[in-house]
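My structure is below; once you've seen it, I'll send some questions.
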Amino acid sequence: KNQVEQSPQSLIILEGKNCTLQCNYTVSPFSNLRWYKQDTGRGPVSLTIMTFSENTKSNGRYTATLDADTKQSSLHITASQLSDSASYICVVSGTFSGGYNKLIFGAGTRLAVHP
Amino acid sequence: DGGITQSPKYLFRKEGQNVTLSCEQNLNHDAMYWYRQDPGQGLRLIYYSQIVNDFQKGDIAEGYSVSREKKESFPLTVTSAQKNPTAFYLCASRGGTVSYNEQFFGPGTRLTVL
């Protein structure tokens, strides 16, 4: 079954600290993996996208890693800010029979950054 | 929210009513999608359209209907047959290269059944 599991479900950190969010997936065949940031009551916004051949990608203070062999990804946030408080969603894209491309969404990790 | 608008932001529906959620994009994207988001769950695909005048059911299409008469517009109707419609609805469109195939999301519509 194609699934994306994220951990932890929620996380509280102090402003200025680093944190790492985890994503494990069983989607096959694999096309790419994305991390989205979703503020409360808003639509998700893309942070990074990685294909099979990429094992790390950065976007400012956000760094995503991908291990396609173990089917794991992580999102590392450096020097957290209050504005980082949001849900972070891991999404895996698979290309299935007939060229149909489908996104499988994780349930997200809710991050709260406290002053 | 990158060129995709959804309206209204909040919508209230009475039992037995049909309601229509609007989604418009000015990104010149061919493909558009509707997702439903419930607390503690990943987004689930309702309907998608790869081209004008064509659309396909997603994983949870029952109780919903769509149309795609224009490239820019992909409205979603939540019918009275949808028994649990209270949720956050997200529209997306797809662009970018074949490898990345990125979807861009609108700001969402929160639907509540009274």
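Throughout, a chain's letter reflects where its sequence line sits, starting with A, and its residues are numbered from 1.
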Practice problem: Could you tell me which portion of A:Q38 (side chain, backbone, both or neither) has an atom closer than 4.5 angstrom to a non-hydrogen atom of chain B? | Solution: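 Just the side chain, heavy atoms under 4.5 Å.
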
Quiz prompt | hydrophobic_cluster_shared for A:W35 and A:V27, side chain cutoff 4.5 Å | solution =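 Looking at the clustering, A:W35 is in the same group as A:V27.
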
Quiz prompt | Structural part of B:Q56 lying under 4.5 Å from a heavy atom of chain A | solution =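 No part of B:Q56 comes within 4.5 Å of chain A.
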
Quiz item: Do other residues, nucleotides or ligands put more than 12 heavy atoms under 6.0 Å from A:Q72 CD?
Solution: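 Yes, CD of A:Q72 has more than 12 neighbouring heavy atoms, counting only those of other groups under 6.0 Å.
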
Practice problem: Sort out for me which residue in A:T20, A:T63, A:T56, A:T65 forms a side-chain hydrogen bond (donor to acceptor under 3.5 Å, both in side chains) with A:H76. | Solution: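 Per the side-chain hydrogen bond (donor to acceptor under 3.5 Å, both in side chains) rule, the option paired with A:H76 is A:T20, out of A:T20, A:T63, A:T56, A:T65.
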
Practice problem: May I ask you to decide whether B:D30 forms a salt bridge with B:K71, counting only side-chain N to carboxylate O separations under 4.0 Å? | Solution: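 Between B:K71 and B:D30 there is a salt bridge, with a charged N closer than 4.0 Å to a carboxylate O.
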
Quiz item: When heavy-atom pairs shorter than 4.5 Å are enumerated against chain B, which of A:G41, A:G106, A:C90, A:S87 gives the highest number?
Solution: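 Among the listed options, the one with the most contacts to chain B is A:G41.
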
Practice problem: Go through the atoms of A:F52 and report whether side chain, backbone, both or neither lie under 4.5 Å from a heavy atom of chain B. | Solution: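 Neither the backbone nor the side chain of A:F52 comes within 4.5 Å of chain B.
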
Quiz item: With chain A, which of B:Q37, B:R110, B:R44 has the greatest number of heavy-atom pairs at distances under 4.5 Å?
Solution: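 Ranked by heavy-atom pairs under 4.5 Å with chain A, first place is B:Q37.
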
Self-check item: Proximal component of B:L90, with respect to chain A [non-hydrogen, under 4.5 Å]
Solution: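 Only the side chain of B:L90 comes within 4.5 Å of chain A.
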
Self-check item: Any A:T40 side-chain heavy atom under 4.5 Å of A:R42 side chain
Solution: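 No; the side chains remain at least 4.5 Å from each other.
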
